[in-house]
Amino acid sequence: MAARLDSFALSELAAKPEDAFRLVSLAMAEGRRVPGYGGDYYYYRIGDAAVVIRTRLDPESGEEELLGMDTHAATGCRWTCRVVRTETGDPLSRRALVHREGCEDTAVVDLVCADVLPDIREGDELCLGMVGFPLRVSYDEGAQVPGVVEAQGETVLLQGVVKDARVGETYLGMEPLTRFISVTASTRMGDVELCHPMEMVAEHQRDLVKPGTVVSAQCVLSGDCAVGEYAGGVVFGEEQNLAVLRAFFRDGDVQRLRPVLRSDCACTFLENRQEGQENALALLDMVRRDLDGAGMTRVVPGHLTNEGGRRCLLLGNEKGFAFLCLLEADSLGRLREIAVTRDPRYDFETDE
């Protein structure tokens, strides 16, 4: 999931290791912090372009660890799509194959700020701010096209009608840096903003970079997850808390639970009760490992039928459920109580 600084003619900003270090340091010092579950993102605007730095606390040293850098752009293009499958890069980056309901097209999207979402599973709906970084691009006159998007490995073949074309600018402080082409293309998956230097366009096609023409490109797609309600990062609420706990019981990584637990959170497993965030996290990690060792890896959302439909998680295997996970949150949506129980007084049904 490489940063595409070349799409903004900014390759020189990270041409040498010391240059890249200066850019990262500047982004972390002056960029907008976007908290995720497992770490933080620093979103730094360079005019109409942006770099996004991925960081997390090293669990051993307690110091901030640099994981990598992504690129994006200021864009109003949004896709609402569903996940077909995902793959993980480092702990704070994901790539997803997505489609739009009612459309046969598919797209591979590098997800920027992916860890602001509590979980990303097959079938989940995503709202993404969409930018494309062409590797090759062509502009042509011609009849209107349906706007095809076709996933090919880690890239996408895209064809659409140009809705808008303008010159984007990059700068640091008051110092102008570069200019690039920013084209809004209409496709069946939705509008996407394509960013590339003018030099990428064949000279005889440059007059066709305008609304109404057809653009065809092989490109890398970047989808920003920190939009809408997630623009400020992690959101606390019942749905999000259930989702992040479901991801924990399924995949592990107990540190992703830290942001949603109050400092005085308590966790109870059968007769074992631990108070305080660190103790609660340790007990939850032990419970997950024990359940995994016993083959109880099925985690399903459900609700209690004898307590007004209170939401819960059901833990077990294909033969049935052995435990309930119950949550109690404060008025801000952060968890103050987690209980993993097999109390027979609770009647439940699954939500699936």
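R179 CZ: 12 or fewer foreign heavy atoms inside a 6.0 Å radius. For D347, the CG atom counts as densely surrounded, since its 6.0 Å shell holds more than 12 non-hydrogen atoms of other residues, nucleotides or ligands. Under a cut-off of 6.0 angstrom, the local environment of CD in E203 is sparse, with at most 12 non-hydrogen atoms contributed by other residues, nucleotides or ligands. Residue-environment remark: CD (E12) stays at or below the threshold of 12 foreign heavy atoms within 6.0 Å. Within a 6.0 Å sphere centred on CD of E18, other residues, nucleotides and ligands contribute more than 12 heavy atoms. At most 12 non-hydrogen atoms from other residues, nucleotides or ligands lie less than 6.0 angstrom from CD of E104.
E64 and R56 are not joined by a salt bridge, as no carboxylate oxygen comes within less than 4.0 angstrom of a charged side-chain nitrogen. A salt bridge links R22 to D19: one of the charged nitrogens lies within less than 4.0 Å of a carboxylate oxygen. The existence of a salt bridge linking D70 and R54 is confirmed by a sub-4.0 Å separation between a basic side-chain nitrogen and an acidic carboxylate oxygen. Using a cut-off of 4.0 Å between Lys/Arg side-chain N and Asp/Glu carboxylate O, E87 and R94 are scored as not salt-bridged. Between E193 and K163 no salt bridge is recorded (no basic side-chain N to carboxylate O distance below 4.0 Å). The existence of a salt bridge linking D40 and R33 is confirmed by a sub-4.0 Å separation between a basic side-chain nitrogen and an acidic carboxylate oxygen. Under 4.0 Å is where a charged nitrogen must lie from a carboxylate oxygen, and between E275 and R273 at least one such pair does.
Hydrophobic clustering (side-chain heavy atoms under 4.5 Å, transitive across Ile, Leu, Val, Met, Phe, Trp, Tyr) groups F180 together with L172. The hydrophobic cluster containing V214 does not contain L157, counting ILVMFWY residues as joined when their side-chain heavy atoms lie under 4.5 angstrom apart, directly or transitively. Both M69 and L66 belong to a common hydrophobic cluster when Ile, Leu, Val, Met, Phe, Trp and Tyr are linked at side-chain heavy-atom distances under 4.5 angstrom. Under a hydrophobic clustering in which Ile, Leu, Val, Met, Phe, Trp and Tyr are joined whenever their side-chain heavy atoms come within less than 4.5 Å, directly or via other members, L327 and V287 fall into the same cluster. L324 and V299 fall into different hydrophobic clusters, where Ile, Leu, Val, Met, Phe, Trp and Tyr are joined by side-chain heavy atoms under 4.5 Å apart, directly or via other members.
Residue D264 holds its CG atom at 10.5 Å from CG of L261, rounded to the nearest 0.5 Å. Here the straight-line distance linking atom CG of L315 with atom CE of M296 works out to 9.5 Å at 0.5 Å rounding. A distance of 10.0 Å separates CZ of R136 from CE of M200, quoted to the nearest 0.5 Å. Interatomic distance, I53 CD1 to L92 CG, rounded to the nearest 0.5 Å: 12.0 Å. Between C81 atom SG and R100 atom CZ the span is 9.5 Å, to the nearest 0.5 Å. Separation of atoms CG (L208) and OG1 (T213) is listed at 6.0 Å; rounding is to 0.5 Å.
Summarising the geometry of I181 relative to P197, their closest heavy-atom pair is CG1-C, 4.5 Å, with the distance given to 0.1 Å. Closest non-hydrogen pair, V192 versus G132, comes out as CG2-N, 3.7 Å. Smallest separation of non-hydrogen atoms from C312 and L304: SG-CD2, 4.1 Å. The minimum heavy-atom distance between V215 and A185, with the atom names listed, is CG1-CB, 3.8 Å. Shown here for L313 and R246, the closest heavy-atom pair between the two residues is CD1-N, 3.7 Å. A pairwise comparison of heavy atoms in M189 and C103 identifies SD-SG, 4.5 Å as the closest pair.
For the pair L10 and L177, the minimum side-chain heavy-atom distance is below 4.5 Å. With a 4.5 Å cut-off on side-chain heavy atoms, F323 and T341 do not count as touching. Using a 4.5 Å cut-off on side-chain heavy atoms (C-beta onward), L283 and N272 make contact. Side-chain atoms of V34 and Y42, non-hydrogen and from C-beta on, never get closer than 4.5 Å to each other. In this structure the side chain of D191 reaches within 4.5 angstrom of the side chain of S186, judged on heavy atoms. Side-chain contact between E278 and R258 is present, with heavy atoms from C-beta onward closer than 4.5 Å. Side chains of I338 and T268 form no contact here, defined as non-hydrogen atoms less than 4.5 Å apart. Counting only heavy atoms from C-beta outward, the side chains of C195 and F8 approach each other to under 4.5 Å.
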In sequence, state the C-alpha distance, the side-chain angles, and the governing distance for C77 and T184, and then conclude on side chain to side chain contact (heavy atoms under 4.5 Å, CB included).
CA-CA 8 Å; C77 296; T184 302; 3.9 Å; yes
List the steps and the verdict of salt bridge (charged side-chain N to carboxylate O under 4.0 Å, His left out) for E239 and R311.
CA-CA 9 Å; E239 204 64 43; R311 301 288 302 282; 3.1 Å; yes
Audit row: D330, R336, salt bridge (charged side-chain N to carboxylate O under 4.0 Å, His left out) steps and yes/no
CA-CA 7 Å; D330 62 17; R336 59 178 158 209; 5.7 Å; no
Yes or no on side chain to side chain contact (heavy atoms under 4.5 Å, CB included) for L126 and V83, after CA distance, side-chain angles and deciding distance?
CA-CA 7 Å; L126 300 180; V83 176; 3.6 Å; yes
Derivation and outcome, side chain to side chain contact (heavy atoms under 4.5 Å, CB included), residues T187 and L158
CA-CA 8 Å; T187 79; L158 178 149; 4.1 Å; yes
Between R166 and V183, does a side chain to side chain contact (heavy atoms under 4.5 Å, CB included) hold up when you go through it step by step?
CA-CA 7 Å; R166 64 182 183 87; V183 166; over 6 Å; no
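D105 and H99 form no side-chain donor-acceptor contact under 3.5 Å, judged by distance and modelled atom types alone. A side-chain N or O of S216 and one of Q159 form a donor-acceptor pair less than 3.5 Å apart. Under 3.5 Å, the side chains of S138 and Q205 contain a donor-acceptor pair of N or O atoms.
When atom types are taken as modelled, the side chain of D164 and the backbone of P211 share no donor-acceptor pair closer than 3.5 angstrom. Checked by atom type and distance alone, the side chain of T170 never pairs as donor or acceptor with a backbone atom of A49 at under 3.5 Å. Checking side-chain atoms of R334 against main-chain N and O of P259 turns up a donor-acceptor pair under 3.5 Å. Remark: the backbone N or O of L128 is not paired with any side-chain donor or acceptor of W79 at under 3.5 angstrom.
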N/O donor to acceptor pairs below 3.5 angstrom from side-chain atoms of residues 222-238, sequence neighbours left out:
from	atom 1	to	atom 2	distance (Å)
S222	OG	H72	ND1	2.9
D224	OD1	A226	N	3.0
Y230	OH	Q240	NE2	3.2

Give the table of side-chain donor-acceptor pairs shorter than 3.5 Å for residues 114-123, with sequence neighbours excluded, one pair per line with atom names and distance.
from	atom 1	to	atom 2	distance (Å)
D115	OD1	R256	NE	3.0
D115	OD1	R256	NH2	3.0
D115	OD2	Y37	N	3.0
D115	OD2	G38	N	2.4
D119	OD1	R250	NH2	2.9
D119	OD2	R250	NH1	3.0
D119	OD2	R250	NH2	3.4

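Relative to the ring axis of F249, R288 does not place its NZ or CZ within 45° and under 6.0 Å from the centre.
In this structure, F348 and F321 have perpendicular ring planes: the angle between them is above 60°, well past the 30° mark.
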